[in-house]
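So the structure is just underneath, and the comments pick up after that.
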Amino acid sequence: MLVFASEAMSQERGTVFGDKTRVLIILDCSHSMWDRWQSDAKIKVTQQVLLKFMDSVANQQGIEVALRVFGHLNKNSYGTRLEVPFEKGNNYKIQSKIKTLVPNGACTAATALSSSLNDFPPLSGDSKEDVQPRNIILIITDGMDDCDGNICDVARQVQMSGVIVQTFILGIGNKQDFQHSLDCAGKFTYVPNEEQYTETLYNIFRMSEEEAQVVVSVNDETDHLLEATLPLAFYDSQTGVVKYSTIYSIDGRYTPDTLTVDPLVTYDVTLFTTPPTVLKHRQFKPGRVNRLSISVEQGSLRLRTDGQRTNYQVPQYPVLVYRHGSNALTGRQLMGESHDYLTGNYDIEVLSFPTLRLENVAIVASSATDLTIPTPGVANITKPKMISSGTVFELKDGVLTYVCDLDPNKVNERILLMPGEYQLVVKPQSSIDYKDVRTMRFQIGSGKTTNIDLSK
């Protein structure tokens, strides 16, 4: 089943949406809107479509509309203005303003979009009303004029604010006037005629009220449902901001549960296997059950010591796991624990003294990889009070590798070390002369205690 966390947790970086939808219409009123298209000038066709459309949404509950216009102030102006703000019952005001619009200036779509965030009323602060509406921007443009800014950069900033759920762009006029794609700024739709103009508007508003149901199934390499409990997250593909987080599991009847998401958003879905499994750019249609199948192949990894008996406790060493050839940490676990990883080859570090590294370890689907490391031995070091500092090195093939420093405050010190040859370097407390520095080699056997007396 899929279990959502509480709203406060599941939407920590995302947005908690209420039942209200706000749609800001940003209308292009630049001079090119006088050009003829279909039955009349583009602006005349747009006015007719929008006036009828506003009649149809006037009585819909839970939807508020506002109007921002650009290119209409004067010939030399690149300005934009919120002509009708969000408020209940403003349908007549919007229709009145639409009737009087006269294309007169240049294109300022990027400026209009960057100003749009201030058009959406802030949350009231009332705990009962403090729920973010689903804020949508609808840009209507003929795409002919050069804009005064990079609309792609502006659109990303707007989307990253977390205030806007989605930006839609309707392109009217001639298709060749949209040589530069506007997909970067939102969901772009070219409208070839008046009939589809109206239909596209209705579809956007219809989608703003609907939800999409998603059934997620996680399958193993045999295409059977995976018996596992794994975190699952849905990110906005455009912004990388998390929208939903949940836990995937299946019930005793092996039946995946259904979750509800916003169909206006394109998602990157992350299943937190180790390493994560990511599905890019997934869209879910409203009014139907969307099935999302995620295939994973994974096996388990466990490390343990060779089981020799000791009169001391062997630590449960931390284990770090990396993809083979990569320095990026993939997973971590403790000695003796079993953990699942996606199939592939890994490099493993056991944080013992010294660090033990195992390279190119294969994880095979539906198989357990059990690795055995030697049981560490003990260096039991007795020190005179006059020794102030000392260092333990591993000695291998004539090369010293740093392991650890001695504690100057301890007369007797126990250090657990992997089997091998070591060198101890110590210096008396008050000495600054190299000739007073002592070195001593010693061996550590698996499960054995080696006594080192520096007082002699």
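All values reported here derive from a predicted model rather than from experimental measurement.
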Just wondering, do [Y] and [X] contact through their side chains at under 4.5 Å, heavy atoms?
X: Glu64; Y: Lys88; result: yes
X: Leu417; Y: Glu394; result: no
X: Glu221; Y: Thr343; result: no
X: Val392; Y: Leu406; result: yes
X: Ile204; Y: Leu170; result: yes
X: Ile26; Y: Phe70; result: yes
X: Pro275; Y: Tyr346; result: yes
X: Trp37; Y: Asp35; result: no

Answer yes or no: are there more than 12 heavy-atom neighbours, outside [X] itself, under 6.0 Å from its atom [atom1]?
X: Gln316; atom1: CD; answer: yes
X: Lys93; atom1: NZ; answer: no
X: Arg332; atom1: CZ; answer: no
X: Asp306; atom1: CG; answer: yes

[X] and [Y]: side-chain donor and acceptor closer than 3.5 Å?
X: Glu194; Y: Ser39; value: yes
X: Thr391; Y: Asp405; value: yes
X: Tyr197; Y: Thr46; value: yes
X: Asp347; Y: His324; value: yes

Task: Candidate pair Leu342 and Val296, rule side-chain contact (heavy atoms from CB on, under 4.5 Å), full reasoning - done: CA-CA 7 Å; Leu342 295 182; Val296 299; 4.2 Å; yes
Open item on the list: Check the orientation of Tyr267 and Tyr244. Use parallel for under 30°, tilted for 30 to 60°, and perpendicular for over 60°.
Closed with: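 Tilted, since the angle between the ring planes falls between 30° and 60°.
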Quick one: [atom1] on [X] to [atom2] on [Y], what's the gap to the nearest 0.5 Å?
X: Thr21; Y: Arg134; atom1: OG1; atom2: CZ; result: 5.0 Å
X: Leu24; Y: Leu82; atom1: CG; atom2: CG; result: 7.0 Å
X: Glu349; Y: Tyr317; atom1: CD; atom2: OH; result: 15.0 Å
X: Cys29; Y: Arg81; atom1: SG; atom2: CZ; result: 11.5 Å
X: Trp34; Y: Lys44; atom1: CH2; atom2: NZ; result: 5.0 Å
X: Lys42; Y: Ile172; atom1: NZ; atom2: CD1; result: 6.5 Å

Task: Audit row: Ile363, Gln298, side-chain contact (heavy atoms from CB on, under 4.5 Å) steps and yes/no - done: CA-CA 7 Å; Ile363 302 295; Gln298 56 184 6; over 6 Å; no
Heavy-atom donor-acceptor pair, [X] side chain to [Y] backbone, under 3.5 Å:
X: Gln47; Y: Ile98; result: yes
X: Thr369; Y: Ala362; result: yes
X: Asn90; Y: Val65; result: yes
X: Glu413; Y: Asp407; result: yes
X: Asp268; Y: His281; result: yes
X: Gln166; Y: Leu264; result: yes
X: Tyr341; Y: Leu301; result: no

TODO: Could you list all the ring-ring contact (aromatic ring centres under 6.0 Å, His included) pairs where at least one residue sits in residues 84-104, not counting sequence neighbours?
DONE: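 Found Phe86-Phe120.
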Which atom pairs, one a donor and one an acceptor, fall under 3.5 Å between side chains of residues 49-56 and the rest of the protein, sequence neighbours left out?
{"unit_1": "Asp55", "atom_1": "OD1", "unit_2": "Gln95", "atom_2": "NE2", "d": "2.8"}
{"unit_1": "Ser56", "atom_1": "OG", "unit_2": "Phe53", "atom_2": "O", "d": "2.6"}
{"unit_1": "Ser56", "atom_1": "OG", "unit_2": "Tyr202", "atom_2": "OH", "d": "3.2"}

Heavy-atom closest pair, residues [X] and [Y]:
X: Gly344; Y: Arg323; answer: CA-NH1, 3.7 Å
X: Ala233; Y: Phe272; answer: CB-CE1, 3.8 Å
X: Phe188; Y: Tyr190; answer: CE2-N, 3.9 Å
X: Gln196; Y: Val191; answer: C-CG1, 3.7 Å
X: Met33; Y: Asp142; answer: N-OD2, 3.7 Å
X: Pro103; Y: Ser30; answer: CB-O, 3.2 Å

Task: Candidates Val154, Asp153, Thr80 - the one meeting side-chain contact (heavy atoms from CB on, under 4.5 Å) with Ser114 - done: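 Answer after filtering Val154, Asp153, Thr80: Val154.
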Task: Glu83 vs Leu27, side-chain contact (heavy atoms from CB on, under 4.5 Å): CA-CA, chis, key distance, verdict - done: CA-CA 10 Å; Glu83 294 293 352; Leu27 182 58; over 6 Å; no
Open item on the list: Run Ile294 and Leu232 through side-chain contact (heavy atoms from CB on, under 4.5 Å) and show every step you take.
Closed with: CA-CA 11 Å; Ile294 306 176; Leu232 184 70; 4.3 Å; yes
Open item on the list: Taking the basic N atoms (NZ, or NE/NH1/NH2) and the acidic carboxylate oxygens, is any pair closer than 4.0 Å for Asp119 and Arg68?
Closed with: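 Salt bridge: yes.
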Task: Qualifying side chain to side chain donor-acceptor pair (under 3.5 Å) pairs, either residue in residues 285-296, two or more places apart - done: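 For residues 285-296: Asn219-Ser293.
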